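Scroll down for the structure; my scribbles are underneath it.
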Amino acid sequence: MIDTGLLKGDLESLKSKLKFRHSSVDLDYLSELVSKRSNLTRESEELKNKRNEISKKIGIARSTNQKADELLMKAASFAKEISSMEHNLSEINSEYKQLIDQIPNICDEDVPLGEDESSNVVVKMWGDELIKKDGKSHDELLKTNYLDSERAAKISGARFAVLRNRAATLERELANFMIREHISKGYEEISIPFLVKEKAMFNSGQLPKFKEDAYSFDAFYLIPTGEVSLVNLYSNEILDEKMLSKKLVCYSPCFRKESGSYGKDTKGLIRLHQFSKVELVKIVKPEESDNELDSLVADAESILQKLKLPYRVVLKCRGDTGFTASKTFDLEVWMPSQNKFREISSCSNTRDFQSRRSSIKFRRGKKNEYAHLLNGSGLAVGRTIAAIVENYQITNDKDFDDIIDLIKKI
RNA sequence: GGAGAGAUGGCUGAGUGGUCGAAAGCGCUCCCCUGCUAAGGGAGUAUCUGCCUAAAAGUGGAUCGAGGGUUCGAAUCCCUCUCUCUCCGCCA
């Protein structure tokens with residue numbers, strides 16, 4: 001959530017900051033609600049103060065065997081007034097909370113203006129000389145000895161994949177390689193729960209906005225990304241300043257309904273209901289988060305570089321930046337069959353947006369401050385397989401063995 | 001799945017209707033003392049939030065797993081939920 005103090009300040013400036021952010025919250029209304037709320041809160045606290053004083057006197061009178069009838073009557077009248085005020089207040093509070101939860105993060109000043117991906121800015125190209133055009137698609141190259149979509153459909157339906165033989169091995173080795181690389185850069189490997197509480201989904205910003213894209217049953221949600229569990233690892237904690245920066249890496253399956261993407265990427269490994277991903281999360285001090293974002297991107301990039309896959313780095317514009325992020329760089333890998341770059345990692349600074357929601361703080365001197373949280377994929381494993389297969393046009397066991405050997409040696 | 005016990009500050013743990021945000025101990029911070037070390041003495045030590053302040057100080061409200069209820073007053077009584085532990089059963 002955003003700093004609620006902003007709602008008491010310059011409303012027009014807040015509005016302009018949220019331009020392009022697809023927020024439907026009526027800030028004028030909300031700001032009225034905020035002042036109504038604080039007035040009512042103040043009044044009720046004053047009343048409570050009076051009541052508490054009388055109650056204390058009653059207690060003292062009782063313990064010294066004095067009569068307190070008059071005090072009791074006075075206190076009772078306060079109690080009535082307080083309870084009706086509290087009733088009003090709780091209605092205002094729930095509306096307030098509901099609206100606040102829908103406000104997206106404010107983007108950094110240097111994030112480009114713009115409504116959608118057409119305003120995104122390419123900030124870096126890597127491996128131009130490696131780009132090959134018009135290759136066969138990974139789907140074509142792999143079916144059905146390595147990618148058995150038909151049998152996957154038999155088991156689970158559309159948008160599921162069964163990897164076989166060397167492709168299955170490659171998936172496991174790739175994940176292993178990615179984790180190894182990140183550990184060597186100081187990340188702590190975490191093995192996380194894949195089923196999480198609703199609260200955990202809320203804390204990391206998946207709820208309430210993206211409810212329709214998440215699978216759930218009983219009281220659980222299936223994680224759409226390992227970020228959910230990693231972000232919640234330290235929720236409701238006040239960390240020792242010395243513990244920061246905290247760098248975490250996990251490997252997990254991710255589950256998404258992909259409800260808004262019928263007809264897109266229906267073949268292959270690009271858009272599945274279940275895919276595996278290596279995820280990076282950092283918990284850092286506020287003054288470090290800008291630099292930490294750069295190094296997070298570099299950490300994800302290094303995987304692509306070591307695999308010699310051509311890619312570009314894209315700075316997303318305000319309209320295309322996710323709900324929780326203040327700034328996002330996407331890594332897009334070259335896909336020869338589409339002659340296009342496709343997203344393979346998304347690295348974001350959320351500043352204090354997630355840490356406010358999940359209450360992750362650190363102690364600095366005598367004061368507690370919200371930490372800054374960053375997250376990024378490092379990388380999506382399925383898409384990495386697709387990119388490797390297409391860029392190297394892999395078709396047989398020998399090709400697979402070569403690349404698997406290479407990965408093991410890096 | 002069955003039976004039982006429990007959830008209090010950084011930790012252990014006392015507290016069953018009233019000067020209780022909470023005894024005591026441990027830990028931690030600062031100070032004193034002793035040549036160093038060990039030991040000892042003193043002070044401080046939860047979170048969120050309102051007002052006030054340049055800031056500190058000060059002062060209100062809320063928080064004893066979560067939410068609701070009873071009451072002038074709830075850590076304490078009642079209800080619902082969540083979680084943890086122990087035993088039995090089942091099981092990778």
Side-chain angles (χ1 to χ4, degrees), chain A residues 1-9 30-98 100-101 191-203 207-208 216-221 228-229 232-244 246 253 283 286 352-371:
Chain A
M1 61 188 248
I2 62 164
D3 179 354
T4 51
L6 293 170
L7 292 164
K8 294 173 188 161
L30 180 56
S31 134
E32 266 174 50
L33 200 66
V34 167
S35 71
K36 216 193 273 177
R37 176 174 174 268
S38 68
N39 287 338
L40 210 55
T41 305
R42 195 173 315 131
E43 281 176 52
S44 96
E45 282 180 4
E46 276 164 19
L47 275 178
K48 280 184 198 168
N49 177 227
K50 285 180 190 159
R51 180 205 60 194
N52 289 350
E53 274 172 9
I54 296 170
S55 292
K56 208 173 241 181
K57 281 183 194 156
I58 295 172
I60 294 167
R62 281 281 159 82
S63 65
T64 53
N65 278 325
Q66 285 171 301
K67 277 204 169 179
D69 292 356
E70 226 172 279
L71 289 169
L72 270 170
M73 269 169 58
K74 212 167 159 191
S77 76
F78 274 127
K80 240 183 202 169
E81 210 174 329
I82 288 167
S83 86
S84 89
M85 210 174 256
E86 295 275 270
H87 180 75
N88 287 341
L89 199 55
S90 82
E91 274 179 11
I92 288 176
N93 269 331
S94 67
E95 191 182 4
Y96 166 79
K97 195 180 170 327
Q98 198 246 337
I100 286 281
D101 290 347
S191 174
I192 54 160
F194 306 150
L195 295 177
V196 300
K197 295 185 205 176
E198 184 172 41
K199 179 79 174 128
M201 289 285 280
F202 172 82
N203 285 349
L207 297 180
S216 64
F217 66 93
D218 290 352
F220 293 116
Y221 282 81
V228 176
S229 295
N232 279 279
L233 195 62
Y234 290 103
S235 65
N236 291 313
E237 293 194 36
I238 298 165
L239 303 171
D240 203 321
E241 188 177 0
K242 282 178 286 201
M243 284 171 75
L244 305 183
K246 200 108 193 134
I283 305 170
D352 59 2
F353 191 85
Q354 282 178 325
S355 59
R356 278 178 192 280
R357 287 192 157 206
S358 41
S359 188
I360 299 171
K361 301 183 181 179
F362 70 100
R363 195 179 302 278
R364 170 143 49 196
K366 286 206 159 190
K367 293 220 164 149
N368 299 327
E369 286 182 43
Y370 286 109

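Reminder, nothing fancy here: chain letters follow the sequence lines and each chain counts from 1. What you are looking at is a predicted structure, and each value in this text was computed from that prediction instead of being measured.
- Rounded to a whole Å, the NZ atom of A/Lys57 is 16 Å from the P atom of B/G73.
- For A/Ile238 and A/Glu53, each mapped to the nucleotide of RNA chain B holding its nearest heavy atom, the one lying further toward the 5' end belongs to A/Ile238.
- The partner of B/A46, taking Watson-Crick or G-U wobble pairs whose two distances both stay under 3.5 Å, is B/U63.
- No contact: A/Lys199 has no heavy atom under 4.0 Å from any strand.
- Of the candidate nucleotides B/C72, B/G61, B/U19, B/C72 has the atom lying nearest to any side-chain atom of A/Arg51.
- In this structure, the CD1 atom of A/Ile82 is 16 Å from the P atom of B/G60, given to the nearest Å.
- Closest approach to the A/Lys8 side chain among B/G50, B/U47, B/U19 is made by B/G50 (side chain taken as heavy atoms from C-beta onward).
- Picking from B/C72, B/A62, B/U19 the nucleotide with the shortest atom distance to the side chain of A/Lys56 gives B/U19.
- In this structure, A/Glu95 does not pair ionically with A/Arg37, as no charged nitrogen and carboxylate oxygen lie closer than 4.0 Å.
- Heavy atoms of A/Ile54 sit nowhere under 4.0 angstrom from any nucleic acid atom.
- Taking 4.0 angstrom as the limit, A/Asn52 places a side-chain polar atom (N or O) nearer than this to OP1 or OP2 of B/A62.
- The partner of B/U12, taking Watson-Crick or G-U wobble pairs whose two distances both stay under 3.5 Å, is B/A24.
- Between the CG atom of A/Leu89 and the OH atom of A/Tyr96 there is a distance of 11.5 Å, given to the nearest 0.5 Å.
- A/Ser358 places no side-chain N or O within donor-acceptor distance of the main-chain N or O of A/Asn232, the cut-off being under 3.5 Å.
- Atom CG of A/Asn236 and atom P of B/G9 are 13 Å apart (whole Å).
- The separation between A/Ile60 atom CD1 and B/U19 atom P is 9 Å, rounded to whole Å.
- In terms of phosphate contacts, A/Asn368 brings a side-chain nitrogen or oxygen within less than 4.0 Å of OP1 or OP2 of B/C48.
- Judged by Watson-Crick or G-U wobble contacts below 3.5 Å, the nucleotide B/A75 has no partner.
- Using modelled atom types, one finds a donor on one side chain and an acceptor on the other under 3.5 Å when comparing A/Lys199 with A/Asn203.
- For the pair A/Ser355 (side chain) and A/Tyr370 (backbone), a donor-acceptor distance under 3.5 Å is absent.
- Shown here is A/Glu369, whose CD atom has more than 12 heavy atoms of other residues, nucleotides or ligands within 6.0 Å.
- Rounded to an integer number of Å, the gap from A/Glu198 CD to B/U82 P is 13 Å.
- B/A75 and B/U63 have their P atoms separated by 7 Å, given to the nearest Å.
- Nearest heavy-atom pair, A/Leu207 versus A/Phe202, reported as atom, atom and distance to 0.1 Å: O-CD1, 3.5 Å.
- The base of B/G50 is not paired with the side chain of A/Glu45 by any donor and acceptor separated by under 3.5 Å.
- Ranking B/C51, B/G61, B/C72 by closeness to the A/Ala76 side chain, first place goes to B/C72.
- Nucleotide B/A92 forms a pair with no other nucleotide shown, judged by Watson-Crick or G-U wobble geometry with both contacts under 3.5 Å.
- Across all strands shown, B/G17 forms no Watson-Crick or G-U wobble pair with both key distances under 3.5 Å.
- Across all strands shown, B/U53 has no partner, as no Watson-Crick or G-U wobble contact with both distances under 3.5 Å is found.
- Judged by atom type and distance alone, A/Arg62 reaches the base of B/G18 through a side-chain donor-acceptor pair under 3.5 Å.
- Under a 3.5 Å cut-off, the side chain of A/Ser94 and the backbone N or O of A/Glu91 do form a donor-acceptor pair.
- Judged by Watson-Crick or G-U wobble contacts below 3.5 Å, the nucleotide B/U86 has B/A3 as its partner.
- If you measure from atom CG of A/Leu40 to atom C1' of B/U49, you get 16 Å, rounded to the nearest angstrom.
- Note: NZ (A/Lys74) to C1' (B/G73) measures 16 Å, nearest angstrom.
- Rounded to a whole angstrom, the distance from the P atom of B/C64 to that of B/U19 is 15 Å.
- Remark: B/U70 base-pairs with no nucleotide in the shown strands. Criterion, Watson-Crick or G-U wobble with two distances under 3.5 Å.
- At least one side-chain nitrogen or oxygen of A/Lys367 sits closer than 4.0 Å to the OP1 or OP2 atom of B/A56.
- Comparing the P positions of B/A23 and B/G9 gives a spacing of 13 Å, expressed to the nearest Å.
- Comparing the P positions of B/U84 and B/A66 gives a spacing of 16 Å, expressed to the nearest Å.
- Here A/Leu71 lies out of heavy-atom contact (under 4.0 Å) with every strand.
- The gap from the P atom of B/A3 to that of B/G89 amounts to 16 Å, rounded to the nearest Å.
- Taking atom P in both B/U8 and B/A14, the straight-line distance is 11 Å, to the nearest Å.
- Comparing the C1' positions of B/G13 and B/C26 gives an interatomic distance of 11 Å, to the nearest angstrom.
- In this structure, the CG atom of A/Leu47 is 13 Å from the P atom of B/G73, given to the nearest Å.
- Note on A/Arg363: only backbone sugar-phosphate atoms sit closer than 4.0 angstrom, heavy atoms only; bases stay farther off.
- Annotation: B/A74 and B/G69 have their P atoms spaced 12 Å apart (nearest Å).
- Heavy-atom distances to RNA chain B give each of A/Phe220 and A/Lys361 a nearest nucleotide, and the one nearer the 5′ end belongs to A/Lys361.
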